Chemist: 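Please read through the structure below; I'll follow up with questions.
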There are 2 protein chains.
Amino acid sequence: MRHDHLSTTFAALADPTRRAILARLASGETSVTELAQPFEMTMPAISKHLKVLERAGLIARGRQAQWRPCRIEGRPLGEVAEWVEHYRRFWDESFDRLDEYLVELKAKEKKDGRHE
Amino acid sequence: MRHDHLSTTFAALADPTRRAILARLASGETSVTELAQPFEMTMPAISKHLKVLERAGLIARGRQAQWRPCRIEGRPLGEVAEWVEHYRRFWDESFDRLDEYLVELKAKEKKDGRHE
DNA sequence: CGGTTAATTAACCAATCCGTAAAATAATCC
DNA sequence: GGATTATTTTACGGATTGGTTAATTAACCG
């Protein structure tokens, strides 16, 4: 139902194991077994997490002998950053107060200006 | 099972309807009915989406007569921005190596193409 | 009070998610 | 070829998600 790219990326990031995997990969390419090391989880579980990350374009996988080294791919994170950036003013406190003021003003206009 | 805050935020953002709701709220506080307007979806569905956003702290709701106006709350988005920012170098790099990336992608398509 | 409007809750369903154990694949080494 | 190592696939649960309709709550209005 949800084929859109940004949703896939956000969904992939909505899991602490997967974010931890990305954090590990940020310090360099490595194998699945090594990635699985810190987690109390079976290999197939990790393998599935990697598939989710791969489908979101957050990692890419190579092949060296029987190892399948993973590396991080930053592009989707860039898209997330771009999306989030549109809302920057909302977490900037000084602008928060301004926004509150504007919303109040708008409500007043609505009340005075037309019947609803 | 996944009670960590960042995961909850990412999960809340992993839905185009909810992101559209946030986009609408970015231009000002409004009622549930008005929020529901652009979507081909029943009110309870919207109500559930709002609950997800509220639990993630992405919106707050007030009460004015029988209306329950929603407004956007930026703090969780700030946390997302902060998290994502740690990976900035990876999408800068991928931008620098765009050609390389495209070549790899092409090779991969060639290799995996028959599977799908 | 009774009727209308706004929104949520309850009950349900199908699909997806996150994990498991067991079997299968793939490449390497002897 | 056969054993070993690395990883994925399959099959299966149980929990969660995203939607529905019908019923309910809450506040207003006359």
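Every heavy atom of this structure was used, including side-chain atoms; hydrogens, water molecules and symmetry mates were not. Numbered from 1 within each chain, the chains take letters A, B, ... in sequence-line order. Owing to the predicted nature of the structure, the values given are computational and were not obtained by experimental measurement.
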Chemist: With A/Arg68, which residues qualify under side-chain contact (heavy atoms from CB on, under 4.5 Å), at least two apart?
Modeler: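 Checked A/Arg68 against side-chain contact (heavy atoms from CB on, under 4.5 Å); matches are A/Arg63.
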
Chemist: What is the separation between atom CE on B/Met43 and atom P on D/dA23, rounded to the nearest whole Å?
Modeler: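 From B/Met43 CE to D/dA23 P: 18 Å.
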
Chemist: How long is the gap from CD1 on B/Ile59 to CG on B/Leu53, to the nearest 0.5 Å?
Modeler: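 With rounding to 0.5 Å, CD1 (B/Ile59) is 5.0 Å from CG (B/Leu53).
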
Chemist: Quick one: side-chain contact (heavy atoms from CB on, under 4.5 Å) partners of A/Glu34, sequence neighbours excluded?
Modeler: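 A/Arg24, A/Thr30, A/Ser31.
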
Chemist: Measure the spacing between CD1 of B/Ile72 and CD1 of B/Ile21 and express it to the nearest 0.5 Å.
Modeler: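 If we round to the nearest 0.5 Å, B/Ile72:CD1 and B/Ile21:CD1 are 11.0 Å apart.
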
Chemist: So if I take every side-chain heavy atom of B/Val32 and compare against D/dG19, D/dT7, C/dA7, which nucleotide ends up nearest?
Modeler: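 Out of D/dG19, D/dT7, C/dA7, the nucleotide with an atom closest to B/Val32's side chain is C/dA7.
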
Chemist: Is the distance from OP1 or OP2 of C/dC18 to the nearest side-chain N or O of A/Arg18 less than 4.0 Å?
Modeler: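 Result: yes.
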
Chemist: Taking atom P of C/dC18 as reference, at what distance in whole Å does atom CZ of B/Phe10 sit?
Modeler: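 Whole-Å distance recorded here is 14 Å.
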
Chemist: Which part of the nucleic acid does A/Thr17 contact within heavy-atom distance under 4.0 Å: base, sugar-phosphate only, or nothing?
Modeler: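 The residue A/Thr17 makes no contact with any strand.
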
Chemist: CD1 of A/Ile46 versus C1' of C/dT20: gap in Å, rounded?
Modeler: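 It is 13 Å, rounded to the nearest whole Å.
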
Chemist: Please evaluate residues A/Trp91 and A/Val84 with respect to the criterion side-chain contact (heavy atoms from CB on, under 4.5 Å), reporting the C-alpha separation (whole Å), side-chain torsions for both, the decisive distance (0.1 Å), and the verdict.
Modeler: CA-CA 11 Å; A/Trp91 69 85; A/Val84 164; 3.5 Å; yes

Chemist: I need the residues from residues 48-57 of chain B with at least one non-hydrogen atom less than 4.0 Å from DNA chain C; give them sorted by number, or say none.
Modeler: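 Correct list: B/Lys48, B/Lys51.
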
Chemist: Is the distance from OP1 or OP2 of C/dA6 to the nearest side-chain N or O of B/Ser31 less than 4.0 Å?
Modeler: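 No, because none of the side-chain N or O atoms of B/Ser31 sits under 4.0 Å from OP1 or OP2 of C/dA6.
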
Chemist: Quick one: side-chain contact (heavy atoms from CB on, under 4.5 Å) partners of A/Met41, sequence neighbours excluded?
Modeler: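 Residues passing side-chain contact (heavy atoms from CB on, under 4.5 Å) with A/Met41: A/Thr17, A/Phe39, A/Ala45, A/Ile46, A/His49.
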
Chemist: Using whole Å, report how far CZ of A/Phe39 lies from P of D/dT7.
Modeler: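 About 15 Å, once rounded to whole Å.
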
Chemist: Within this structure, what is the CG-to-C1' distance between A/Asp4 and D/dG18, rounded to whole angstrom?
Modeler: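 For the pair A/Asp4 CG and D/dG18 C1', the rounded distance is 15 Å.
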
Chemist: Applying ring pair (Phe, Tyr, Trp, His ring centres under 6.0 Å), can you list everything that pairs with A/Trp83, at least two apart in sequence or on another chain?
Modeler: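 Partners of A/Trp83 under the ring pair (Phe, Tyr, Trp, His ring centres under 6.0 Å) test: A/Phe10, A/Tyr87.
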
Chemist: Report, as a single string ordered 5' to 3', how protein heavy atoms within less than 4.0 Å touch nucleotides 23-30 of chain C: B base, S sugar-phosphate only, - not at all.
Modeler: ---SSS--

Chemist: Between atom CG of B/Leu58 and atom CG of B/Leu50, what is the distance when rounded to the nearest 0.5 Å?
Modeler: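 If we round to the nearest 0.5 Å, B/Leu58:CG and B/Leu50:CG are 11.5 Å apart.
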
Chemist: In whole Å, I'd like the distance from the CE atom of B/Met41 to the P atom of D/dT17.
Modeler: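 It works out to 16 Å between those atoms.
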
Chemist: Between the side chains of B/Glu54 and B/Lys51, is the shortest nitrogen-to-carboxylate-oxygen separation below 4.0 Å, so that they form an ion pair?
Modeler: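 Between B/Glu54 and B/Lys51 there is no salt bridge, as every charged N stays at least 4.0 Å from the carboxylate O atoms.
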
Chemist: Mind calculating the distance between CD1 (A/Ile59) and C1' (D/dT8) to the nearest angstrom?
Modeler: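 From A/Ile59 CD1 to D/dT8 C1': 13 Å.
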
Chemist: I want to verify a distance call: between C/dT8, D/dT8, C/dG19, whose nearest atom is closest to the A/Asp15 side chain?
Modeler: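 Of all the options, the side chain of A/Asp15 is nearest to C/dG19.
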
Chemist: Looking at C/dA6, I'd like to know if its phosphate oxygens (OP1 or OP2) sit under 4.0 Å from a side-chain N or O belonging to B/Thr33.
Modeler: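 Checking C/dA6 against B/Thr33, no side-chain N or O comes under 4.0 Å of OP1 or OP2.
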
